[in-house]
Amino acid sequence: MIVPMKKISLVVLEASKTGALSALRKLGVVHVEKKEASSQTLTSLQESLMRVEQATGILAESKAKSSAGSKKAGREEALEITDKILALKQQKDGYLEIISRTSSELERLAKWGPVNPADFEFLADHGIYLFPFEMSAEDFSSLSDSVRTVTLSRHKKTVRCVIWSDVNLLPYSLPASAVPLSMPEKSTAEMSEEIKAAEKAVPDVDSRIAGFLPYRDSLDELKKILLKEIEFEVVRAGMPEISFQDREEQEEAVVASPKLAWLSGFVPADKASIVLEAAAENGWACVSDDPAEEDNVPTLLKNSRLVNLISPLMDFLGTVPGYREIDISLWFLFFFGVFFAMIFGDGGYGALLTLISIIGIIKTSGKGKKAPNALFMMLYLSVMTVAWGVVTCTWFSIPASQLPDVLRSIAVPAFSSENPAAQDNIKVFCFILALIQLSLGHIVCIFRNIRSPKFLGDLGSLMMVVAMFFVVLNLVVDAEKYPLNNLVIGGIIAGFFLNFIFSNYEGNLGKGILTSLQNIISMLLGVVNVFGDIMSYIRLWAVGLAGSAISATVNQMAGPLLGGFMVFIGVLILFFGHGLNLIMNVLSVIVHGVRLNILEFSNHISLTWSGFKYEPFSETVGK
């Protein structure tokens with residue numbers, strides 16, 4: 001469920017707002033509405049955080065391994081270490097830039113051989129001027145006899161030469177294809193030595209950077225401290241001062257009363273009394289009230305331990321329902337478990353994942369730690385997969401005829417892999433899942449709007465879902481078995497008109513109908529969308545079938561090798577093939593299993609996932 005919130009407005013003396021915020025942070029229950037803030041302190045903290053993050057990133061990139069363990073460093077020492085790491089990184093970047101730039105220069109000059117600008121200067125001082133040029137062989141052969149040249153290299157189409165003269169002037173009759181050599185600042189020999197020196201220096205700098213690896217934990221701790229201080233300073237610097245409207249009143253007030261500052265935030269309704277008691281103790285002015293419609297209220301979910309199994313996935317996706325929306329955690333957990341099982345589609349895979357989950361939970365608990373919720377979620381999903389494997393008699397895609405009789409006997413005949421009609425039955429089951437889940441969304445909406453005529457619009461949507469379910473069965477499964485009778489057609493038409501008339505009702509029926517008329521195209525497309533949403537659930541059958549086919553192919557490839565001397569290769573094929581299939585199934589679950597909840601189901605329950613998490617202003621960052 002979404003925890004009800006109270007809006008807290010707090011007024012304190014401007015001179016004591018730092019102390020007030022410290023006390024408020026100790027309470028750790030108020031989600032503060034942050035304002036735009038700027039201060040020298042905030043800028044300094046942000047710069048320090050950026051430098052520390054850069055330093056930790058540099059250490060993370062270090063390929064060296066430290067054997068010195070972990071070393072502690074205080075705040076000032078950690079900042080000094082940060083500066084040293086950044087200085088070393090800048091030094092390394094300088095060496096790498098030299099290597100890159102000089103290598104490019106050497107590559108440019110390679111076709112000319114060794115080049116030394118000092119030699120050209122020496123000859124020029126003695127009255128001999130050399131001008132290196134590159135031109136086409138045809139133009140070179142057509143040079144005037146008065147142009148004195150020394151050929152350096154000749155190819156089929158290109159000639160490199162040196163034009164020499166007694167004066168520092170080029171001949172006026174040079175061809176257009178003649179391109180002079182841009183003389184380097186250093187000789188090629190010097191540049192080669194420069195590269196060697198830089199290449200030798202880079203590993204030395206890397207080694208010096210690696211010397212700070214033992215301080216990684218201290219730098220990480222400093223990051224947390226800086227984040228906490230930045231959060232505090234953002235709130236402090238963003239607290240607006242209470243000003244007076246009239247200038248004369250303001251001048252009188254400067255003498256008569258001290259300056260005030262204020263902030264607002266949100267607190268769970270059952271904890272609002274904690275803030276009010278603290279306000280009374282500290283002499284703050286505090287008001288608690290229900291959030292207004294225009295307030296951007298954070299969302300705090302509070303569910304049972306069972307329903308909380310889905311929280312790792314929701315955190316991974318970063319999806320949060322809006323404060324005034326519906327918490328579908330329970331339904332998300334149940335349907336996602338079913339989707340997961342159908343996409344993996346194999347009891348053998350489920351048993352393997354169950355074993356891994358149990359081992360992970362036992363090992364974590366054995367270390368005296370609380371097993372993460374993700375392991376329990378994985379255990380739930382694995383058990384659901386085993387259950388689906390039992391129902392369909394699917395175990396590592398081994399043919400049912402080769403499985404033990406006990407596994408064949410406990411399968412559901414309609415879905416058993418031994419039944420030729422099983423695939424058609426699973427298709428129908430996919431559409432039944434669609435009917436149940438999408439209908440559930442509209443039923444919830446009906447009860448939410450039951451006191452308003454708007455619930456009739458939700459009822460119309462429900463009628464369209466039910467009727468369209470039979471349309472899908474007629475088109476996809478069997479037209480004779482599931483005929484389109486007048487009841488189905490009438491359900492779609494009646495549902496559409498109910499939805500058209502009442503879905504946009506906001507206290508005035510005429511305005512609601514006018515809004516629907518303005519959106520007539522999207523309203524008509526909504527009927528098609530219902531069909532598409534139900535059809536979308538066929539992906540559970542298709543992806544599960546694809547995974548089963550891959551698994552069966554792996555078995556066929558490895559089977560002939562398991563009975564001979566190449567058994568080791570057969571085992572490798574099984575391990576690699578099924579392992580790859582497991583990974584692909586995980587990706588399929590994220591793409592398809594999550595989508596059916598986040599998009600199809602959420603659209604039918606009017607859930608936009610527009611919320612943001614309740615994050616109280618507390619001593620611990622990310623509490």
Quick one, Lys186 and Glu105 - any side-chain contact, counting heavy atoms below 4.5 Å? no
Can you tell me how far apart CD1 (Ile443) and CZ (Phe455) are? Round to the nearest 0.5 Å. 13.5 Å
Is the backbone N or O of Leu96 less than 3.5 Å from a side-chain atom of Ser100, with the two atoms forming a donor-acceptor pair by type? no
Are Tyr380 and Phe376 close enough that their ring centres sit under 6.0 Å apart? no
Between the CG atom in Leu49 and the CD atom in Gln54, the distance rounded to the nearest 0.5 Å is 10.0 Å
Got a donor-acceptor contact below 3.5 angstrom from the Asp204 side chain to the Lys200 backbone? no
Donor-acceptor pair between Asn603 and Asp533 side chains, under 3.5 angstrom: no
Counting only heavy atoms not in Glu294, do more than 12 sit closer than 6.0 Å to its CD atom? yes
Test your reading of the model: is there a side-chain donor-acceptor pair from Ser602 to the backbone of Asn597, 3.5 Å cut-off? yes
Could you state the interatomic distance from CG (Asn303) to OG (Ser311), rounded to the nearest 0.5 Å? 9.0 Å
I need the minimum non-hydrogen distance between Leu440 and Phe601, along with the two atoms involved. CD2-CZ, 4.4 Å
Side-chain donor-acceptor distances from residues 264-283 under 3.5 Å, at least two apart:
unit_1: Ser264; atom_1: OG; unit_2: Glu33; atom_2: OE1; d: 2.6
unit_1: Asn282; atom_1: ND2; unit_2: Ala278; atom_2: O; d: 2.7

Thr18 vs Arg236, test: side chain to side chain contact (heavy atoms under 4.5 Å, CB included). Steps then yes/no. CA-CA 7 Å; Thr18 299; Arg236 191 200 68 79; 3.4 Å; yes
Donor-acceptor contacts, no H, no angles, side chain residues 317-326, under 3.5 Å, sequence neighbours left out:
unit_1: Tyr323; atom_1: OH; unit_2: Met5; atom_2: N; d: 2.8
unit_1: Arg324; atom_1: NH2; unit_2: Ala292; atom_2: O; d: 2.6
unit_1: Glu325; atom_1: OE1; unit_2: Gly322; atom_2: N; d: 2.8
unit_1: Glu325; atom_1: OE1; unit_2: Trp609; atom_2: N; d: 3.4
unit_1: Glu325; atom_1: OE2; unit_2: Thr608; atom_2: N; d: 3.1
unit_1: Glu325; atom_1: OE2; unit_2: Thr608; atom_2: OG1; d: 2.4

Tell me which pairs pass salt bridge (Lys or Arg N to Asp or Glu O under 4.0 Å) where either residue lies in residues 94-104, with sequence neighbours left out. Glu97-Arg101
Pairing residues for Asn508 by the side chain to side chain donor-acceptor pair (under 3.5 Å) criterion, not counting sequence neighbours: none
Which residues pass the salt bridge (charged side-chain N to carboxylate O under 4.0 Å, His left out) test with Glu221, not counting sequence neighbours? none
Consider only side-chain N and O atoms of Glu199 and Tyr95, and report whether a donor and an acceptor are under 3.5 Å apart. no
Looking at Arg51 and Asp83, what are the two nearest heavy atoms and their distance? NH2-OD1, 2.7 Å
Can you run down the salt bridge (Lys or Arg N to Asp or Glu O under 4.0 Å) pairs that involve residues 358-385, sequence neighbours left out, and say none if there aren't any? none
If you look only at pairs with a residue in residues 7-49, which of them pass as a ring-ring contact (aromatic ring centres under 6.0 Å, His included), with sequence neighbours excluded? His31-Phe612
If only atom types and distance count, is the side chain of Thr354 paired as donor or acceptor with the main-chain N or O of Gly350 below 3.5 Å? yes
Shortest non-hydrogen pair, Thr82 vs Ala55, comes out as CG2-CB, 3.9 Å
Quick check for you: to the nearest 0.5 Å, what is the distance between Leu333 atom CG and Leu306 atom CG? 6.0 Å
Taking every non-hydrogen atom, the tightest pair across Leu106 and Ser192: CD1-OG, 3.8 Å
For Leu525, which residues count as a side-chain contact (heavy atoms from CB on, under 4.5 Å) partner, sequence neighbours excluded? Ile521
Does Asp327 reach the main-chain N or O of Ser329 with its side chain, forming a donor-acceptor pair under 3.5 Å? yes
Answer yes or no: is there a donor N or O on one side and an acceptor on the other, between the side chain of Thr56 and the main chain of Glu53, under 3.5 Å? yes
Under a 3.5 Å distance rule, please check whether Ser44 uses its side chain to pair with a backbone N or O of Gln40 as donor and acceptor. no
Side chain to side chain donor-acceptor pair (under 3.5 Å) with Thr364: which residues, sequence neighbours excluded? none
To the nearest 0.5 Å, what is the distance between CD1 on Ile310 and CG on Asn373? 10.0 Å
Would you confirm whether Ser304, through its side chain, and Val307, through its main-chain N or O, come within 3.5 Å as a donor-acceptor pair? yes
Determine, stepwise, if the pair Asp295 / Lys7 fulfils salt bridge (Lys or Arg N to Asp or Glu O under 4.0 Å). CA-CA 9 Å; Asp295 285 329; Lys7 184 171 184 178; 3.0 Å; yes
Is there a side chain to side chain contact (heavy atoms under 4.5 Å, CB included) between Tyr349 and Asn581? Walk through the geometry before answering. CA-CA 10 Å; Tyr349 287 173; Asn581 198 26; 3.1 Å; yes
Would you say CH2 of Trp331 has more than 12 non-hydrogen atoms from neighbouring residues, nucleotides or ligands within 6.0 angstrom? no
Please name the residue in the list Ile8, Val12, Leu21 that meets the side-chain contact (heavy atoms from CB on, under 4.5 Å) test with Leu263. Leu21
Show which side-chain atoms of residues 588-596 pair as donor or acceptor with protein atoms under 3.5 Å away, not counting sequence neighbours.
unit_1: Ser588; atom_1: OG; unit_2: Met584; atom_2: O; d: 2.9
unit_1: His592; atom_1: ND1; unit_2: Arg539; atom_2: NH1; d: 2.9
unit_1: Arg595; atom_1: NE; unit_2: Glu600; atom_2: OE2; d: 3.0
unit_1: Arg595; atom_1: NH2; unit_2: Glu600; atom_2: OE2; d: 3.1

Can you list the steps and then say if Met191 with Leu109 is a side chain to side chain contact (heavy atoms under 4.5 Å, CB included)? CA-CA 11 Å; Met191 286 189 279; Leu109 298 169; 3.6 Å; yes
Measure the OG-CG distance between Ser461 and Leu438 for me, rounded to the nearest 0.5 Å. 11.0 Å
Nearest atoms (heavy-atom pairs only) where Lys6 meets Pro291: CA-CD, 4.4 Å
Of all residues at least two apart in sequence or in a different chain, which pass the side chain to side chain donor-acceptor pair (under 3.5 Å) check with Glu506? Lys454
Is Tyr215 close to Leu59 at the side-chain level, that is, under 4.5 Å between some pair of heavy atoms? no
So Trp262 and Met239, side chain to side chain contact (heavy atoms under 4.5 Å, CB included) or not? Walk me through it. CA-CA 6 Å; Trp262 66 276; Met239 290 179 67; 5.7 Å; no
Judged by atom type as modelled, is there a donor-acceptor pair below 3.5 Å linking the side chain of Ser62 to the main-chain atoms of Ile58? no
Heavy-atom count check: over 12 atoms from other residues, nucleotides or ligands less than 6.0 Å from Lys302 NZ? no
Beyond-backbone contact of Phe617 with Lys34, side-chain heavy atoms, under 4.5 angstrom: no
Search all heavy atoms of Leu88 against all heavy atoms of Phe212 and return the closest pair with its distance. CD1-CE1, 3.8 Å
With sequence neighbours left out, the residues meeting side chain to side chain donor-acceptor pair (under 3.5 Å) with Ser187 are Glu190
